[in-house]
Each structure stands twice: as C-alpha cells, then as structure tokens.
Number of protein chains: 2
Amino acid sequence: MTPEHPRSLKAKDSVLCATTELLTEGGLPAATVDAISARSRVSKATIYKHWPCRTAIAAEAFGKQMAAAIPLPDRGNAVDDLTEQVRLVSAFSAGPHGTVFAQLLAACVADPAGSPYFREYFLDARRAAVAELWQRALDRGEVDPEITADTATDVLFGPLIFRLMTGHQALTQEQADALSSAALRGLLS
Amino acid sequence: MTPEHPRSLKAKDSVLCATTELLTEGGLPAATVDAISARSRVSKATIYKHWPCRTAIAAEAFGKQMAAAIPLPDRGNAVDDLTEQVRLVSAFSAGPHGTVFAQLLAACVADPAGSPYFREYFLDARRAAVAELWQRALDRGEVDPEITADTATDVLFGPLIFRLMTGHQALTQEQADALSSAALRGLLS
DNA sequence: TAAGGTGAACTGTACGTTCAGTTCACTTGA
DNA sequence: TCAAGTGAACTGAACGTACAGTTCACCTTA
C-alpha cells in the first residue's frame, strides 16, 4: 500500500473533520461533497482519490465518531451487559445522531457502493461488540445456546433501527428499554 | 375532494400499474418519474397533480401490491398466527420485493415528504394487522400483557428489516424463522 | 366549453470527472 | 551544505450527466 505521505494524512483528516461538523449541523443532506470540499479546503478531485463516493466519506466520519462514543460494557452479568449496550446505542440514537444514523443507513441502501464502508466503520464494530458479550453470556449459561450472536444482534438492534427509520414514534429511553426488554425476554407470557 | 372524474381514475391507475412494473423490473432506481410517465403514457404534469413526489407514487404502488400479497392469518393460536405473519412478510421480503421494500424505506428517510405515504400505504396496514393478532393473543392469554402491540410489531419485524437493509447476510426462510423464533421466545436461556 | 390531460422545454441541484497548473517533501550532485 | 530537480499529491474551475419537479401553450372529451 501507499506509505501515506503526510499530505495525504492531513487532507484525509481535514475532510473527515469537516464532514463530522457538517453532519452534526445539518445531517447527511448538508454534507454535500461541494460543502465538504469548501469547508475542509480540500479539492473534490483529491477527495475522490481517497473515497469512492460521498456515502463512504460520511460513513467513515460518522463511524469513528460513534465508535468513540460507545464503549464495551462489562458488569459481570450477561443480561445487564447486553441491555447496557442497547441502552448506549439507543441513547446515542435518540439524540440528533440518530437521524444521521438513519440517513446513512438509508444512503447505503440507495447507493450500494457506500455500504462496504458503512459495514466496515459501523456495523462490524457493533457486531463484534455483541459477539463478545454474547460469548461471555454463553459461558455463564445465561442465554439460549441455540441462538447465534448474529441473530441476537439483529433481534436486539433491529427494533431500535426500525423505529428510528420509520419514525412513527419518538425513540425515548423508556421506549428503548421496552424494546430491549421485550427482545431479551420474548413476547410470550 | 374531487369527485374523481373517470379520466383521473384511469390516469392514476395507469401510473400505479406502470410503477409496479418498473419496480419489479429494476427496483426503485428504475422507477424514474420520466420512466413512469413514458410507460404509463401519463404526462409528468398530470402525475404531479396526483402525487406530491416520486416516493409517494412508489409507496402507493408497492404498498397495494404488498397488501394484496399478505393476508391476515387465523390459525386459532396466537403464536402460530404471529409467526405466520412474520413468515409471510419475510417470504415476501426474501424475494426481489425485499430489495424494493428496503429501497423504499430508505427513500422515505432521505425524503421525508414521501414518508406519510409510506406510512399510510404500508406501515399502517402491517401495524393494524399485528394489532389485531396481538389483541386475539391477549384475549387468549398467550402473550405478555405488559407489552404493547406497537412494541411487539417492532420486535417482530425490526430484525427482519434490519437484516434486509444492512444486507450483511442473506435473508433465507430459515434465517427469518430463527429471527422470529428468537423474538417470540426471547434470548435468555 | 371547461375540466382534465398532453408534451416539451426549462430550472435547479448535486454527483462524479477531467485537466492544466501548483505545491511540497524528498533526493541528487557539486 | 545547499541549489536544482523529481514526482506524488493537491488545487480550482469547468464540464457532463441524471433526475426531481415546474411551467405553459395547446389539445380532447364529456
């Protein structure tokens, strides 16, 4: 690979920084490539040497921001750990970041070229976190061993994301708790 | 409201029909307003007299198609009924229609003007269906009365949608069964 | 004859591309 | 040690394209 000349690093950094700002200020619609170029003072030509498409830039910028905001909990109890992870994600999502997350996920569906970036910078990290928590929980015999970590991830986060995207109801902390509780314990009486 | 002159009805119908075809053939990206206009032989000017934006057209066309494809089951048992409903939706989603569904949901996030249509023509119908099944299940005491029908809907369909949108794993019938089973019974051992 | 529809041209926005020219970190050689 | 040279990386500005949505003069039919 390229030995990453200092100029490249600086340009990449400027772009990601400007993108994060724009995303915070006005969501994905505000993070136009022209706007990013203007604010970062990096030319579009250079930007497109580093990323294949607009979505990729936003995914990288946002993914790094989110990763920094959500640590991996360890309370010594599987249910609490998983619940805490969902709580962290939902607290993050309930704020203005949630909108950006939804927009980004949506953009990756509309523009498949960006989805590898989204997967790399966001999904894989979340999935790995849950996989670790799930393994701990399995070791402690606290969860159903028939269920894979992937299925658990989808069951835990899916409802959150679904509500976020359809926007039919506000995503408060109480709502998030109800969702994760129902997912953990099941719907049956 | 307009008394819906026969010409209006015909135009609307042509548009919805053409849109359904285009969605089937090439997904949402193929259902350009120009393409819809060309195929339906209804002018763009007329189209924009009936719908506020592109997403609205697609949502209406697709919603009607989906509603027709997914009946409300009644097997005399809540668990089976809910599972069956999720199965129907997932079978529908696992095929080429699933992609369109994801694209449409994505489009409504990117373009909020379309989301009322999406809600009206798709989400509300699904939500109403589950609400009815949920009430039946409550009457029979088969599900947790602490959980609302809305929460149940999100827990049942969220994982499916999440997987569909991120596309990290194929959505086979087995996968869908695993998801709905985990959602119904919970993750705990 | 008037409500509804047509068609074609037009505007605006934003993605992604291209290219001639510039900058800067580095070798090279005296 | 320092001027000259080299090439990779960046700039700026223009351009092509695609598509959403609008407008308007004209036609058609109940």
Side-chain angles (χ1 to χ4, degrees), chain A residues 1-19 22-23 26-59 61 103-104 106-115 117, chain B residues 1-19 22-23 26-61 103-104 106-115 117-118:
Chain A
M1 271 300 160
T2 356
E4 289 286 11
H5 292 238
R7 292 174 79 192
S8 285
L9 284 175
K10 197 177 156 200
K12 263 187 113 164
D13 204 57
S14 293
V15 168
L16 289 176
C17 194
T19 305
L22 288 164
L23 286 175
L28 189 56
T32 296
V33 181
D34 288 298
I36 294 172
S37 172
R39 176 155 322 187
S40 65
R41 279 189 261 199
V42 173
S43 78
K44 280 172 72 176
T46 303
I47 290 177
Y48 279 103
K49 286 225 168 71
H50 289 291
W51 291 274
C53 64
R54 182 178 97 100
T55 321
I57 312 168
Q103 289 167 339
L104 210 44
C108 288
V109 172
D111 159 28
S115 62
Y117 278 73
Chain B
M1 269 298 164
T2 359
E4 290 287 13
H5 291 237
R7 292 172 79 189
S8 286
L9 283 176
K10 199 177 155 198
K12 259 189 116 164
D13 204 57
S14 292
V15 167
L16 289 175
C17 194
T19 305
L22 288 164
L23 286 175
L28 189 55
T32 297
V33 182
D34 287 299
I36 293 172
S37 171
R39 174 148 334 179
S40 65
R41 279 190 260 199
V42 173
S43 78
K44 280 172 74 176
T46 303
I47 290 177
Y48 280 103
K49 287 220 171 76
H50 290 290
W51 291 273
C53 64
R54 182 180 97 101
T55 321
I57 313 167
E60 182 163 344
Q103 289 167 340
L104 210 45
C108 289
V109 172
D111 160 28
S115 61
Y117 277 75
F118 188 65

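Throughout, a chain's letter reflects where its sequence line sits, starting with A, and its residues are numbered from 1.
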Separation of dC10(C) P from Asp34(B) CG (nearest whole Å) | 15 Å

Over how many whole Å does the gap from Tyr48(B) atom OH to dG5(C) atom C1' extend?
-> 17 Å

Nearest non-hydrogen partners of Arg39(A) and Leu22(A), listed with the distance | NH2-CD2, 3.7 Å

Can any side-chain N or O of Ser40(A) pair as donor or acceptor with the backbone N or O of Val42(A) at less than 3.5 Å?
-> yes

State which of dT22(D), dG5(C), dA14(C) makes the closest approach to the side chain of Ala11(B).
-> dG5(C)

Between dT6(C), dC15(C), dT11(D), which nucleotide gets closest to the side-chain atoms of Ala45(B)?
-> dT6(C)

Compare all side-chain heavy atoms of Gln103(A) with those of Pro29(A) and state whether any distance is below 4.5 angstrom.
-> yes

Any donor-acceptor pair under 3.5 Å between the side chain of Lys44(B) and the base of dG7(C)?
-> no

Could you please spell out the steps behind the side chain to side chain contact (heavy atoms under 4.5 Å, CB included) verdict for Leu16(A) and Trp51(A)?
-> CA-CA 11 Å; Leu16(A) 289 176; Trp51(A) 291 274; 3.8 Å; yes

May I have the distance from Trp51(B) (atom CH2) to dA20(D) (atom C1'), rounded to whole angstrom?
-> 16 Å

Atom-to-atom span, NZ of Lys49(A) to C1' of dA9(D) - whole angstrom = 7 Å

Sugar-phosphate, base or nothing in reach of Thr46(A), heavy atoms under 4.0 Å = base

Starting at the 5' end of DNA chain C and moving along, which residue's nearest nucleotide shows up first, Arg41(B) or Val33(A)?
-> Arg41(B)

Report the C-alpha distance between Tyr117(A) and Leu104(A) in whole Å, list the side-chain angles of each, state the deciding distance to 0.1 Å, and finish with yes or no for side chain to side chain contact (heavy atoms under 4.5 Å, CB included).
-> CA-CA 11 Å; Tyr117(A) 278 73; Leu104(A) 210 44; over 6 Å; no

OP1 or OP2 of dG5(C) under 4.0 Å from side-chain N/O of Ser43(B) | no

Residue met sooner reading DNA chain C from 5', once Pro52(A) and Val42(B) are mapped to nucleotides = Val42(B)

Against the side chain of Thr32(B), the closest entry in dC15(C), dT11(D), dC19(D) is dC19(D)

Using whole Å, report how far CD1 of Ile57(A) lies from P of dA14(C).
-> 15 Å

Is any side-chain nitrogen or oxygen of His50(A) closer than 4.0 Å to OP1 or OP2 of dC10(D)?
-> yes

How many Å lie between CD1 on Ile47(B) and C1' on dG21(D), as a whole number?
-> 11 Å

Could you state the atom-to-atom distance from CG of Leu22(A) to P of dA14(C) in whole Å?
-> 13 Å

Rounded interatomic separation in angstrom, taking CG from Asp111(B) and C1' from dC19(D) | 13 Å

